[in-house]
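Taking it in order: structure first as structure tokens, then the write-up.
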Amino acid sequence: MNIDEQIRVSTDIDPFARSFLTSPYAKHAELRALAPVVWFERYGVWGAARFAEVKTALADWQTFCSGRGVGIVDTDKATPWRPRSIILEQDPPIHTRTRTVLTRVLSPRAIQTLRETMTQFAAELVDKLVEQREIDGVIDLAEAFPLRVFPDAVGLTRENRQLILEYSNMAFNGYGPPNDVFEESVVNIDAVLAWVTENCRREALAPGGFGAQIFDAVDAGELSEEEAQLLIRSFLTAGVDTTVNGMGNSLYCFARYPEQWEKLRSDRSGVRAAFDEVVRLESPVQTFFRTVTKDVELGGRPLREGDKIILFLGAANRDERQFANPDVFDISRRPTGHVAFGHGIHGCVGQSLARLETEIVLTALLDRVERFEITGEPVARPNNTLKGLASLPMRITPAH
Ligand code: QZP
């Protein structure tokens, strides 16, 4: 037995089992308790579920690289299901070039130009839902809002936009193993890919939007036409479903903790911190992988060049070593340093927009809703990467 095996802590837990994906938190606690870094026998990969090791790995892109894919497959050794993203799944210097373009297009200042239109749509939508009283928080609000405002901002057609959610569901499943959760999500793949390919083209995008601005970067010599199309694909993959889950999880938290809604209604200045607390407690992006580029120690465990490691963002965000009473939803805590948007050079480039969208929707609700009640069993949507609901039946009590 070599030294690695002597101190290797293994588990047969399957982090991609349907039950884990829909109810991960007890398993997260087990994983955090086992060791700083655990060997997942079933997949032959390492995993980190504690805050410290997750953050260390995210911060060190030279050692924990993204250029060999952020899914379970080492894309140097096998062809991935979907051609690698040219921002998410690249390392510097290639990553730097595409990141620079997206940082500019999605800058806080650029995002602010959308505020008025989004505020108006939020008011219309929430007015309608308050009148309706009985709603599905996920379908009627958490999906409806981002599915309108983000593709509008990109300049995409309004036809068949729900296919964006089908596409991202496949893509996020694709970072995990080819299990039945993945297989069930790709049944309509031909129609979905046809829509995506068609709508990533320059000619498909309305002038002035984020999409057109990406193609402006082609004209300025910053990107090739193919690279621009792949960045539009990144918008489609990362720009809607993540926000849908963040918004759905917000409603789910406030419906379960009505006193927190009351607290926020009495002090609106807490909206931003409240959203941070939602994504800490119910992180829309639960996991992704890195590939180890050289022999290194993490949490005292020796890792080898070529090893894959799964980073449990959602577990790190509930680590009792970092957050007091981590399983409690408390909008007054300062959830500083959560890793729900990642950390380091790949930290979420769209987070200003995700935050603005959610703050606008929550503010529209704060103006109009006294409380939410859950009126039926919430339905989980299993996904190999994302955590969120497919359905959240609720009743709205209007504010007067
Ligand atoms: C997904 C892409 C949380 C991340 C995994 C979200 C994400 C970011 C980028 C892309 C996809 O570039 O395709």
Side-chain angles (χ1 to χ4, degrees), residues 22-25 28 51 118 122 126 135-146 150 238-287 312-319 322-343 347-348 350-366 369 371-374 378 380-381 383 385-392 394 396:
T22 56
S23 307
Y25 301 127
H28 284 172
F51 185 86
M118 293 202 297
V126 174
I135 69 163
D136 190 305
V138 170
I139 294 165
D140 300 334
L141 188 54
E143 290 184 355
F145 187 83
F150 185 73
V240 187
D241 214 353
T242 46
T243 320
V244 166
N245 284 299
M247 230 170 254
N249 294 351
S250 300
L251 295 174
Y252 188 45
C253 284
F254 283 114
R256 283 176 301 159
Y257 296 86
E259 83 289 351
Q260 297 294 313
W261 185 248
E262 238 170 78
K263 194 191 282 186
L264 191 56
R265 288 204 346 118
S266 68
D267 180 9
R268 307 290 185 83
S269 69
V271 174
R272 186 186 168 94
F275 181 56
D276 275 309
E277 176 64 353
V278 168
V279 297
R280 182 196 69 79
L281 192 73
E282 295 286 347
S283 306
V285 181
Q286 286 282 309
T287 50
F312 290 90
L313 305 183
N317 284 335
R318 285 172 175 246
D319 187 346
Q322 181 71 15
F323 303 103
N325 304 317
D327 297 323
V328 172
F329 180 57
D330 175 6
I331 63 167
S332 311
R333 84 163 78 226
R334 291 278 161 262
T336 43
H338 71 71
V339 288
F341 288 111
H343 175 70
C348 180
Q351 65 179 287
S352 307
L353 182 51
R355 288 176 185 284
L356 184 61
E357 284 182 48
T358 314
E359 284 167 32
I360 284 172
V361 167
L362 287 178
T363 302
L365 292 167
L366 286 164
V369 177
R371 67 170 185 278
F372 308 99
E373 273 167 273
I374 300 178
R381 177 159 69 94
N383 180 281
T385 303
L386 300 177
K387 184 168 189 294
L389 299 172
S391 171
L392 179 61
M394 58 202 310
I396 293 174

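In this text, all values refer to a predicted model and were calculated from it rather than measured experimentally. Values below: all heavy atoms of this structure, side chains included; hydrogens, waters and symmetry mates excluded.
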With Arg265 via side-chain contact (heavy atoms from CB on, under 4.5 Å) - residues at least two apart: Trp261, Leu366, Glu370, Ala399

Residue set satisfying side-chain contact (heavy atoms from CB on, under 4.5 Å) with Ile374, at least two apart, ordered chain then number -> Tyr252, Ala255, Arg256, Pro378, Leu392

Enter the distance from [X]:[atom1] to [Y]:[atom2] here, rounded to the nearest 0.5 Å.
{"X": "Tyr257", "Y": "Lys263", "atom1": "OH", "atom2": "NZ", "result": "12.0 Å"}
{"X": "Phe323", "Y": "His338", "atom1": "CZ", "atom2": "NE2", "result": "7.5 Å"}
{"X": "Cys253", "Y": "Asp330", "atom1": "SG", "atom2": "CG", "result": "11.5 Å"}
{"X": "Phe372", "Y": "Ile135", "atom1": "CZ", "atom2": "CD1", "result": "7.5 Å"}
{"X": "Arg272", "Y": "Glu277", "atom1": "CZ", "atom2": "CD", "result": "14.5 Å"}
{"X": "His343", "Y": "Leu313", "atom1": "NE2", "atom2": "CG", "result": "12.0 Å"}

Considering non-hydrogen atoms only, spot the tightest contact between [X] and [Y] and give its length.
{"X": "Phe329", "Y": "Leu281", "value": "CB-CD2, 3.6 Å"}
{"X": "Thr242", "Y": "Pro284", "value": "O-CB, 3.9 Å"}
{"X": "Gly388", "Y": "Asn249", "value": "CA-OD1, 3.6 Å"}
{"X": "Phe145", "Y": "Met118", "value": "CE1-O, 3.6 Å"}
{"X": "Ala340", "Y": "Val279", "value": "CB-O, 3.4 Å"}
{"X": "Asp136", "Y": "Ser391", "value": "OD2-OG, 2.6 Å"}

Between the main-chain N or O of Ser283 and the side-chain N or O of Gln286, is there a donor-acceptor pair closer than 3.5 Å? yes

Looking only at atom types and distance, does a side-chain atom of Gln260 sit under 3.5 Å from a main-chain N or O of Ile331, one as donor and one as acceptor? yes

Report the residues that fulfil ring-ring contact (aromatic ring centres under 6.0 Å, His included) with Phe150, sequence neighbours left out, ordered by chain and then residue number. Phe235

If we check side-chain contact (heavy atoms from CB on, under 4.5 Å) with Asn317, which of these qualifies: Arg280, His28, Glu282, Gln322? Arg280

Could you pull out all donor-acceptor pairs under 3.5 Å where a side-chain atom in residues 353-362 meets a protein atom, sequence neighbours excluded?
{"unit_1": "Arg355", "atom_1": "NE", "unit_2": "Gln351", "atom_2": "OE1", "d": "3.4"}
{"unit_1": "Arg355", "atom_1": "NH1", "unit_2": "Asp276", "atom_2": "OD1", "d": "3.2"}
{"unit_1": "Arg355", "atom_1": "NH1", "unit_2": "Asp276", "atom_2": "OD2", "d": "3.2"}
{"unit_1": "Arg355", "atom_1": "NH2", "unit_2": "Asp276", "atom_2": "OD1", "d": "3.0"}
{"unit_1": "Arg355", "atom_1": "NH2", "unit_2": "Gln351", "atom_2": "OE1", "d": "3.4"}
{"unit_1": "Thr358", "atom_1": "OG1", "unit_2": "Ala354", "atom_2": "O", "d": "2.8"}

side-chain contact (heavy atoms from CB on, under 4.5 Å) evaluation trace for Leu365 with Leu251: CA-CA 10 Å; Leu365 292 167; Leu251 295 174; 3.8 Å; yes

If the condition is side chain to side chain donor-acceptor pair (under 3.5 Å), which residues does Asp241 pass it with, not counting sequence neighbours? Ser168, Asn245, Arg381

If the condition is side chain to side chain donor-acceptor pair (under 3.5 Å), which residues does Ser352 pass it with, not counting sequence neighbours? none

